[in-house]
There are 2 protein chains.
Amino acid sequence: MKKRRNTPTKEAVLEVLSKTGKAMSQDAIEQKIDIDINRATIYRVLNRFCDDGIVHRVVAEDGKQYFALCVKCEDNKEPSHHFHFRCLRCETIECLPVEVNFTIPDEYLVENVNCVLTGTCRDCSRI
Amino acid sequence: MKKRRNTPTKEAVLEVLSKTGKAMSQDAIEQKIDIDINRATIYRVLNRFCDDGIVHRVVAEDGKQYFALCVKCEDNKEPSHHFHFRCLRCETIECLPVEVNFTIPDEYLVENVNCVLTGTCRDCSRI
DNA sequence: TTATTTATTGCGATTGTATTGCAATATTAC
DNA sequence: GTAATATTGCAATACAATCGCAATAAATAA
């Protein structure tokens, strides 16, 4: 892996993702960051994070990419392949602690799993 | 529902989807059709099919939309929410006869399920 | 068959997401 | 401090998908 450098951009993006705990689009991330960072830069940072296994990418059925921190601490472990929920009201995507299970013939080589449920999330359905 | 008319475009699109039995992008459909049909028209036809429940739409992690016939005959029934498999080699998407199961708190209102596995399909892994 | 209604189509323009090339900048190691 | 190079900003680009509008064609009535 290519050597990485510490930059304000990286820290800012990580902080935002860490704070919300949800999957965010580049646009949402940019809005939450106080300093001004170029769009392309944010994408590049996010893609690097993905390469390094720090965040994972979800593509929702709106065709957009969303990025979320890979949570791997003990008490809040998320399954490697988990469902995501996109709320149409609050426009957020959360990682559900629900594992994606499936049985598929051995001949298939699964390299990636992308599962998104869409609707109204718990918080919004209460209102 | 608004009244539909029969057009060569509709028939051509349906025939292509029926023949392959897979989920296809607008681009792939256009290439498989012998007559010349405008891009926007194909999208409109497909969107109408989705509205009418004739085809369903899948968004893969490449951010593109793929459309597949809703199979509902007796011996080849596909689960309402099923997994899809996108093969990176042959660049096709097939509907797997594998149901998507998950348990999620009642407060969530699930309106849509979009699950795509990506990798190498059965046929391509043999080679 | 002809006329009328309006769903459908083609075309070009447009929107929006994401990426890329290149020069400038900033970080790390020496 | 200096050198090497990872990172950034900017503008341009690629691509999927949609939209407005005028033209066309399918379904129905006359």
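Please read these numbers as outputs of a predicted model, since none were measured by experiment. Chain letters run A, B, ... following the sequence lines, proteins first and then strands; every chain starts at 1.
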Pair B:Arg57-B:Asn47, side-chain hydrogen bond (donor to acceptor under 3.5 Å, both in side chains): steps then yes or no: CA-CA 9 Å; B:Arg57 183 198 324 263; B:Asn47 284 329; 3.0 Å; yes

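A salt bridge links B:Asp62 with B:Arg86; the closest basic N to acidic carboxylate O contact falls under 4.0 Å.
Under a cut-off of 6.0 angstrom, the local environment of NZ in A:Lys32 is sparse, with at most 12 non-hydrogen atoms contributed by other residues, nucleotides or ligands.
Each of B:Phe67 and B:Arg5 has a nearest nucleotide on DNA chain D; the 5'-most of these lies closest to B:Phe67. Of the two residues near DNA chain D, B:Gln26 and A:Lys10, the one whose nearest nucleotide lies more 5' is A:Lys10.
A close approach under 4.0 Å does occur between a side-chain nitrogen or oxygen of A:Thr7 and OP1 or OP2 of D:dT8. Look at B:Lys64 and you'll find a side-chain N or O under 4.0 angstrom from OP1 or OP2 of D:dA16.
Taking all atoms of both residues into account, the shortest heavy-atom contact from A:Thr120 to A:Cys87 is CA-SG, 3.9 Å.
Residue contacts shown for A:Asp36 are limited to sugar-phosphate atoms, with no base heavy atom under 4.0 Å away. No engagement by B:Ser25 is indicated, since no non-hydrogen atom pair under 4.0 Å with the nucleic acid exists. Nucleic acid contact class of A:Gln65 (heavy atoms, under 4.0 Å, all strands): sugar-phosphate only.
Contacts with DNA chain D (heavy atom under 4.0 Å) in residues 41-50 of chain A: A:Thr41, A:Arg44, A:Val45, A:Arg48, listed by number.
Between B:Phe67 and B:Tyr43, the ring planes lie perpendicular to each other; the angle is over 60°, past the 30° to 60° tilted range.
Among the nucleotides C:dC11, D:dT18, C:dT9, the one closest to any side-chain atom of B:Arg39 is D:dT18.
Put simply, CD on B:Glu15 and CD on B:Glu11 are 9.0 Å apart, with the number rounded to the nearest 0.5 Å.
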